[in-house]
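Inspection log for the structure reproduced underneath, given as C-alpha cells.
The chains referred to below are lettered A, B, ... by the order of the sequence lines, with proteins before strands, and numbering in each begins at 1.
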Amino acid sequence: MSTGLYGAYGGRYVPETLIPALEELEAGWRALGEDFHQELAELQRTYIGRPTPIYETVRFAPEGKRILLKREDLCHTGAHKINNAVGQALLAQRLGKRRIVAETGAGQHGVATATVCARFGVECVVYMGSEDMRRQAPNVERMKLLGAEVQPVEFGTRTLKEATSEAIRDWISNVETTYYLIGSVVGPHPYPELVRELQSVIGREAREQSLELGRLPDAVVACVGGGSNAIGIFAGFLDDTDVRLVGVEAEGAASLGSGRPGVLHGARSSLLADEDGQIADAHSISAGLDYPGVGPEHAHLRDTGRASYVTATDDEALAAFHRLAETEGIIPALESSHALARALDLDAELVLVCLSGRGDKDLAEVLAH
Amino acid sequence: MKTLVVYLMAGGETPALAEAAVEAGADIVEIGFPFSDPLADGPVIRRAAERALAEGMRTRACLECLVAVRERVTTPLIPMTYSSLLEAYGYERFADDARAAGATSLIVADLPAGERPDLRRIQLVAPTSTDERLRLAAGETDGWLYLVTVTGTTGARAELSPALAGLVERARAVTEAPLYAGFGISTPDHARAAAELADGVVVGSRAVEVAEEGPGALGEYVASLREALR
C-alpha cells in the first residue's frame with residue numbers, strides 16, 4: 001500500500017472498476033482552488049449556519065465539573081453530517097457528476113445528502129437498511145420530501161453495513177455518471193482524508209471558541225460510529241497534547257474497543273469480525289453507531305495512544321438523553337448521548353462534548369424503551 | 001481452443017460439481033471462498049455466499065473443500081475471495097496453504113493491482129481501467145488476465161457487454177498474457193461472442209445457479225458452453 005495510510009490502516013481495497021474513479025476524485029480534490037474554499041465558506045455561513053456556538057451546560061454537569069457542548073445539533077438539517085455533504089456536493093459539481101448516491105444509518109447523512117442534492121439540483125439515491133428505515137421513519141419522510149429516492153436494503157442485518165455495500169455496488173455500476181457521497185471518515189482513500197478535512201471545521205471553531213472562553217478543555221469527547229464528528233472535533237486539538245481526546249463507541253458496536261484488524265468497505269481498519277475475517281453484526285439503540293467498522297485514522301489514533309476509546313451502553317445513552325433534555329432543554333441525538341454519558345463520569349474538570357446532532361429523529365425509539 | 005473457466009462456491013457438493021464441470025469441458029475451476037460483505041458480487045453469488053457461510057464454509061473448511069476437489073480433477077483450481085479473509089488468515093500463509101491444498105493461483109476481488117504486489121495472484125482489469133493500470137495489472141498478474149466485461153458487479157446480463165471489444169484491444173496492446181473475459185456472461189451465445197474477442201470466458205453467477213440443481217444439470221450447462229467455444 002502506498003497511498004492514504006494512517007499507520008497500518010486505510011488504503012484502497014476495492015474492485016479495480018473503482019480505482020480510476022478514486023484517482024479522479026483524489027486529483028479533483030487536490031486541484032481545488034481558492035474559489036472552492038470561498039464558496040464552501042459562504043455556504044457554511046449562510047446555509048449550514050456556521051460557526052455553531054459552544055454552550056456551557058448549567059444544570060447537566062455534575063458538581064465540580066464544567067461541560068461545554070459544541071452545538072452541531074444547530075446545523076441545518078440537525079447534525080454535523082451537512083458539513084461533509086455540502087463540501088462533497090461542491091466537489092461533485094466540479095467533477096461534472098449529475099447523480100449522487102449515498103448510504104445512511106440514522107438517516108442524518110441521507111437527509112444531509114438529499115438536502116444538498118436539492119440545493120444543487122442533482123439526482124439523489126440514498127440506500128438505507130429496512131431496519132433503519134423502521135427506526136428512523138421521520139428521516140425517511142424528510143429525504144423523500146427533499147426529492148431523494150430512498151432505496152431499502154433488505155439483506156443481512158438491514159442496517160448501515162449493508163446500505164454502505166449497496167451504495168458502493170451502485171457506484172461500481174454507474175461510476176462514470178455518479179458521485180458517491182460517503183457519510184463518514186471510512187471507505188477507500190481519499191474518502192477518509194476528504195471527509196476529515198470537511199469535518200475539521202468543527203475542531204477549528206471549537207479550539208478558537210475555547211480560547212475565547214478562557215482556556216482549552218481538559219478533554220474533548222465525541223461519539224464514534226464511523227467517526228466523522230469525532231475526527232472533526234479531534235482535528236482541532238491533535239497538537240494540544242495536554243487535551244485528552246476520548247471517543248465513545250456504543251458497547252455493542254465497539255470496533256475500536258473490541259475489534260481486530262480487517263478490511264471492510266474499501267479500507268483496512270479495526271473491525272468487529274470473527275477469526276476468519278467475516279464481519280460481525282453490531283448492535284446499538286443508535287442507528288448511527290450501529291456499524292462494525294470505523295475510520296482508519298481512529299484505529300491509528302488508538303494505537304498511538306493519542307486518543308482513547310471507551311464505550312457506553314444503550315441504557316447509559318438513554319439516561320444521558322433524558323438528563324440533557326430535562327436539565328438544559330436540549331434534546332440530543334442518541335448517538336451524541338453516548339458521548340454525553342461518558343462526559344458525566346470522565347475524570348476531568350473542563351470537558352468539551354461534540355453534540356453532533358439533535359434528537360427529534362429518535363423520539364419514537366426513546367419512547368419505546 | 002478457447003479456455004472455459006467455471007466458478008463454483010465452496011461447499012459440500014463442490015467436489016462432485018467440479019468433477020462434472022471438468023468432465024463437461026471446463027478448463028479451469030474457480031472456487032469461491034465466501035465473504036460476508038462481497039462488494040464485487042451481484043445477488044446470485046451474494047446469496048450463495050450467505051448460504052455457504054451458514055453451512056460453516058469458513059476459510060479452513062474452504063481449504064479442505066479445495067483438497068477434496070483436487071482429489072477429483074487435475075485442471076487448474078483458483079480460489080476467489082476477498083481481502084478480509086486473507087487479512088485474518090495471513091496473506092502469505094493463505095497463499096501457501098491454498099497452494100498446498102491444490103490451488104494453482106488466487107483471485108482477490110478487492111485487492112487491485114498495485115496493492116500487496118508480493119502476493120502472486122490473477123489480476124482483474126475493467127472497462128474503466130486506464131492504459132497505465134492495464135500495464136500495471138498485466139505486469140503483476142499470475143498467468144492470465146481477468147477482463148471484467150462490465151462496469152458493474154457479477155451477475156447475468158441480457159447482452160454481452162459492448163465494452164469488451166475495446167478492453168480486449170487495449171489489453172492486447174500492453175500484454176501477451178491470455179485474456180479471459182468474465183462478469184455478465186451466462187449463455188452459450190455470450191460465450192461464443194466473447195471468445196471471438198478474448199482467449200477464454202469465465203462463467204460465474206449462472207453456473208452457481210445451475211449448480212443448485214446438481215452435477216447433472218451443471219454438466220449439461222457446461223457442455224453447452226464448451227460446444228459454443230469450439
If you look at every heavy atom in [X] and [Y], which pair is closest and at what distance?
| X | Y | value |
| --- | --- | --- |
| B/P112 | A/V14 | CD-O, 3.2 Å |
| A/R169 | B/L39 | CG-O, 3.3 Å |
| A/K161 | B/D37 | NZ-OD2, 2.8 Å |
| A/I172 | B/T153 | CG2-N, 4.3 Å |

Using a 4.5 angstrom heavy-atom cutoff, name the option from B/P43, B/S129, B/P127, B/A113 with the most pairs to chain A.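 When all of B/P43, B/S129, B/P127, B/A113 are compared, B/S129 has the most.
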Output the option from B/S84, B/A88, B/G42, B/A126 having the highest count of non-hydrogen pairs under 4.5 Å with chain A.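 Going by pairs under 4.5 Å, I would pick B/S84.
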Given heavy-atom pairs under 4.5 angstrom as the criterion, report whether the side chain, backbone, both or neither of A/R260 touches chain B. neither
Against chain B, label A/I279 side chain, backbone, both or neither, depending on which of its atoms sit under 4.5 Å from a heavy atom there.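 Contact with chain B involves both backbone and side-chain atoms of A/I279.
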More than 12 non-hydrogen atoms from neighbouring residues, nucleotides or ligands closer than 6.0 Å to CD on B/E13, yes or no?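 No, CD of B/E13 has 12 or fewer neighbouring heavy atoms, counting only those of other groups under 6.0 Å.
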More than 12 heavy atoms of other groups within 6.0 Å of B/E92 CD: no
Between the side chain of B/T128 and the main-chain N/O of A/T17, is any donor-acceptor distance below 3.5 Å? yes
Test item: A/Q278 side-chain N/O and B/S36 main-chain N/O as donor-acceptor pair under 3.5 Å: yes
Verdict with reasoning, B/V148 to A/E16, per side chain to side chain contact (heavy atoms under 4.5 Å, CB included): CA-CA 9 Å; B/V148 176; A/E16 167 68 19; over 6 Å; no
Which atoms of [X] approach chain A - backbone, side chain, both or neither, heavy atom under 4.5 Å:
| X | value |
| --- | --- |
| B/L53 | side chain |
| B/E132 | neither |
| B/R46 | side chain |
| B/A109 | backbone |
| B/F35 | both |

Taking atom CG of A/L271 and atom CD of B/E87, what is their separation to the nearest 0.5 Å?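 One gets 8.5 Å once the value is rounded to the nearest 0.5 Å.
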I'd like to know if A/E275 pairs up with B/R60 as an ion pair, taking the criterion as any Lys NZ or Arg NE/NH1/NH2 lying under 4.0 Å from an Asp or Glu carboxylate oxygen.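 The answer is no: the pair does not qualify as a salt bridge.
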